[in-house]
Amino acid sequence: MSNHPVTYTLEKKDKRTGARLGKITTPHGTFETPMFMPVGTLATVKTIAPEELEEMGAGIILSNTYHLWLRPGEDLIAEAGGLHAFMNWDKGILTDSGGFQVFSLSDMRRIEEEGVHFKSHLDGSKLFLSPEKAINIQNKLGPDIMMSFDECPPFDESYDYVKKSVERTSRWAERGLEAHQNPDRQGLFGIVQGAGFEDLRKQSAKDLTSMDFAGYSIGGLSVGEPKEDMYRVLDFTTPLLPEHKPRYLMGVGTPDALIEGVMRGVDMFDCVLPTRIARNGTTMTSKGRVVIKNAIYARDFRPLDEKCGCYTCRNYTRAYLRHLLKSDETFGLRLTSYHNLYFLLDLMKKVRQAIREDNLLEFKEQFFEEYGYNKP
Ligand SMILES: CCCSCc1cc(N)cc2c(=O)[nH]c(N)nc12
Ligand SMILES: [Zn+2]
């Protein structure tokens with residue numbers, strides 16, 4: 001069906017790069033792109049309240065089918081009225097399909113045409129996930145955007161293996177479309193795979209764009225490959241995707257990769273990085289990374305980032321943040337997580353403005369210089 005509940009409006013194409021300004025409309029609101037999506041694996045963006053996510057400008061957040069299936073279970077969340085009600089978040093929610101987590105979290109797994117057999121990372125119990133099951137779980141969780149069940153092979157996997165994997169992921173995608181019970185209110189995205197092989201990326205994109213998905217994800221990247229490889233794959237993959245549907249690059253969230261991805265036509269990004277590194281005291285600032293537990297900050301009574309307008313930077317000093325992190329005080333995790341999320345959301349706001357003003361390349365150069373990316 002072509003009248004999807006999740007639609008994309010292309011507003012402006014950058015004259016000198018592949019960047020584009022747009023809006024994605026979901027049953028829970030319309031949000032500007034390019035956008036960064038905070039990850040809330042277990043129905044919470046760790047240590048941050050929904051109201052705080054809203055005040056920092058988050059539009060769509062992520063949750064994780066695999067984790068929520070195992071705990072507390074999709075039926076419990078369905079009884080609660082779905083993820084939005086369960087976690088008291090009334091903007092957009094996107095869920096991953098679980099395949100990636102199976103491959104990254106679980107050992108003893110066996111991949112067959114029917115699906116994947118594996119052991120729970122929680123208690124070792126035997127589990128089975130199929131394309132149909134992954135879609136049914138997401139139908140019950142009730143996100144605005146759902147992902148097809150895919151296999152994300154290692155980037156350095158053999159050509160023959162990746163070819164077979166891409167063909168199976170395309171068959172899984174078709175089965176998922178068939179199994180989708182709420183196509184009127186939940187948009188389903190296909191996930192393009194193919195590792196670093198251009199012909200396999202083309203095959204995957206051809207297969208998936210022949211099916212009527214609401215949007216397209218670029219999977220199989222940000223899995224440890226060199227960034228230059230990721231950019232090379234994006235260069236020949238994003239042009240294969242429909243211009244008038246959203247493009248989502250999975251698992252990408254460093255400032256440089258976000259900007260490089262935008263310049264290659266990507267609209268949506270997610271990454272656990274900002275909150276994960278925050279919890280061990282690593283923060284992203286306009287002058288590059290600041291590892292706040294470092295002794296040099298013990299008597300540094302300046303804000304974390306003097307150019308940042310976030311709650312953390314307006315109210316607390318580096319010395320205080322260092323004290324909290326060194327003392328394992330939970331409040332410290334909240335303050336660094338808040339700042340890192342705000343930093344990336346604010347970066348994407350500045351990127352959107354740069355596309356509006358046709359100075360994205362100049363913005364990138366200045367941001368890279370100040371962040372320290374150009375240092376040898
Ligand atoms: C909540 C996490 C969402 S993104 C997870 C993710 C991250 C990365 N890097 C790749 C993939 C992929 O290829 N397929 C799928 N389903 N997910 C991926
Ligand atoms: Zn800040």
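Side chains are part of it too, since the values below use all heavy atoms of this structure and drop only hydrogens, waters and symmetry mates. For ligands, and for the atoms within them, numbers begin at 1 and follow the listed sequence.
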With ring centroids as reference points, do [X] and [Y] lie under 6.0 angstrom apart?
X	Y	value
Tyr320	Tyr297	no
Tyr311	His339	no
Phe36	Phe269	no

Ionic contact status for Arg20 with Asp267, cut-off 4.0 Å: yes
Angle subtended at the Zn ion (ligand 2) by Cys313 SG and Cys308 SG, rounded to 10 degrees: 110°
Closest protein heavy atom (residue, atom, distance) for atom 14 (N) of ligand 1: Asp150 OD2, 2.8 Å
Atom 1 (C) of ligand 1: nearest protein contact (heavy atom, Å): Asn64 ND2, 3.3 Å
Location of contacts on Met147 toward ligand 1, heavy atoms closer than 4.0 Å: neither
For ligand 1, the portion of Asp270 having any non-hydrogen atom under 4.0 Å away: side chain
Within-cut-off N or O pair, Ser63 and ligand 1, under 3.5 Å: no
Check: Gln101 N/O within less than 3.5 Å of ligand 1 N/O: no
Pi-cation contact, Phe368 with Lys364 (under 6.0 Å, within 45°): yes
His339, N/O/S atom nearest the Zn ion (ligand 2): ND1
